[in-house]
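Here is how names work: the chains are called A, B, and so on, in the same order as the sequence lines, proteins then strands, and each is numbered from 1. Because the structure is a prediction, the values reported are computed rather than measured. Values reported hereafter were calculated over all heavy atoms of this structure, with side chains retained and with hydrogens, waters and symmetry mates removed.
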2 protein chains.
Amino acid sequence: MPFGKGRCWRFRRTQAREALIKLLSRTKGHLSAEEIFWELKKVLPGVGLATVYRTLDLLTEIGLIKRYDFKDGKARYEFIHNDNAEHYHLICKNCGKIIDYEVTLEEDPLKDFKNSIQKKFNFKIESSDLQFYGLCENCQKLEK
Amino acid sequence: MPFGKGRCWRFRRTQAREALIKLLSRTKGHLSAEEIFWELKKVLPGVGLATVYRTLDLLTEIGLIKRYDFKDGKARYEFIHNDNAEHYHLICKNCGKIIDYEVTLEEDPLKDFKNSIQKKFNFKIESSDLQFYGLCENCQKLEK
DNA sequence: TTATTATTGATAATAATTCTCATTTTCATT
DNA sequence: AATGAAAATGAGAATTATTATCAATAATAA
Ligand SMILES: [Mn+2]
Ligand SMILES: [Mn+2]
Ligand SMILES: [Zn+2]
Ligand SMILES: [Zn+2]
């Protein structure tokens, strides 16, 4: 599924790349490079951390995955399952829980805002990055 | 202005803190910790980098300044001049130019979106973080 | 199969940030 | 103004995520 059969990429189809794509495409959640490294080792024991970083860069560049910064000091990665959607995050400052919120491009709540910006500043938006920080349902209760 | 006269803080009024607040409150732009360090040295030659980091953390916590991540590997800081506004950024991927876009809370384009999230996920938003990446006016021309 | 060359793993290097600790400042109290 | 307790500081070491280096290996086209 990730890359089918036969030649279809401008890059070599290596074990590390295939295993990493498979891993991330099946992962729910937002893993760091090192977490991915240890998971990958289970199926490809000889893999090196540098290769993980390199592959993550590559997959990010070609748009198969996305890199996020949730302000915990390390980058986190997520497979892009739906190319036609925007993907936002709610991050609980208390317990670290991350809630995904995905919407189709058509019903993107930021659509109008983005359009107005493109006009107002003559700025061509290529990607946007939105996180909400706060308290999840559970942690709100514990606050009392 | 930063802190008036007399006791008004739960922290000590030190030279470093006063100088750093003054510096940031007069700075247009988004300086990194090290840039702030060198600027600060001009007026307080003995200051240490660790103190700059510590003070930036403190001022961020108490809400006098805000820390941003523009994906260039270092945190950047900005004085909060208007407490009643949202402050967004457009970042040019080509030349690095950063455009500020500030709106009052009332006319915040994300207001409805935020409200819907608070309801839908029962998530209490404390802060939000939105950046747009793309091409500024100039760099769009150069692309051709 | 072979030649070419991209990719890899190990490890050293980098760089932003944090930590440690002895010394200095601040500030409430004399 | 002098004192003392605690907070804050500066210097530099330590930490940690990420990059760079380079000889060895694996993927591809011929
Ligand atoms: Mn997600
Ligand atoms: Mn700004
Ligand atoms: Zn929570
Ligand atoms: Zn530009």
Between C:dT8 (P) and A:Leu58 (CG): distance, integer Å: 9 Å
Euclidean distance, atom CD of residue A:Glu61 to atom P of C:dT7 [Å, nearest integer]: 12 Å
From D:dT28, C:dT8, D:dA7, nucleotide with atom closest to B:Arg12 side chain: D:dA7
Which protein N or O atoms sit under 3.5 Å from an N or O of nucleotides 9-16 of chain C?
{"from": "C:dG9", "atom 1": "OP1", "to": "A:Gly46", "atom 2": "O", "distance (Å)": "3.3"}
{"from": "C:dG9", "atom 1": "OP2", "to": "A:Gly48", "atom 2": "N", "distance (Å)": "3.0"}
{"from": "C:dG9", "atom 1": "OP2", "to": "A:Thr51", "atom 2": "OG1", "distance (Å)": "2.4"}
{"from": "C:dG9", "atom 1": "N7", "to": "A:Arg54", "atom 2": "NH2", "distance (Å)": "2.7"}
{"from": "C:dG9", "atom 1": "O6", "to": "A:Arg54", "atom 2": "NH1", "distance (Å)": "3.2"}
{"from": "C:dA16", "atom 1": "OP1", "to": "B:Lys74", "atom 2": "NZ", "distance (Å)": "3.4"}

Carboxylate-amine/guanidinium contact A:Lys74 A:Asp69, below 4.0 Å: no
Protein-nucleotide distance (B:Leu40, atom CG; D:dT9, atom P), rounded to Å: 11 Å
A:Lys114 to B:Phe132 six-membered ring, cation-pi geometry met (6.0 Å, 45°): no
CZ on B:Arg26 to NE2 on B:His81, rounded to 0.5 Å: 10.5 Å
Phosphate OP1/OP2 of D:dA7 contacted by B:Thr14 side-chain N/O (<4.0 Å): no
Rounded distance (Å) that lies between atom C1' of D:dA17 and atom CZ of A:Arg67: 12 Å
Within 45° cone and under 6.0 Å: B:Lys66 NZ/CZ vs B:Tyr68 ring: yes
Atom-pair distance (CG on B:Asp57; P on C:dT17), nearest Å: 10 Å
A:Leu31 CG to D:dT18 C1', straight-line distance once rounded to whole Å: 17 Å
Watson-Crick/G-U partner (both atom distances under 3.5 Å) of D:dT19: C:dA12
Mutual orientation of the aromatic rings belonging to A:Phe113 and B:Tyr101 [parallel < 30°, tilted 30-60°, perpendicular > 60°]: tilted
Side-chain N or O of B:Gln15 closer than 4.0 Å to phosphate OP1/OP2 of C:dT26: yes
Whole-Å distance separating the CZ atom of B:Arg13 from the P atom of D:dA8: 13 Å
Electrostatic pair A:Asp57-A:Arg67, nearest N-O below 4.0 angstrom: yes
Straight-line distance of B:Glu78 CD to B:Ile65 CD1, nearest 0.5 Å: 10.0 Å
Rounded interatomic separation in angstrom, taking CG from A:Asp69 and C1' from D:dA17: 12 Å
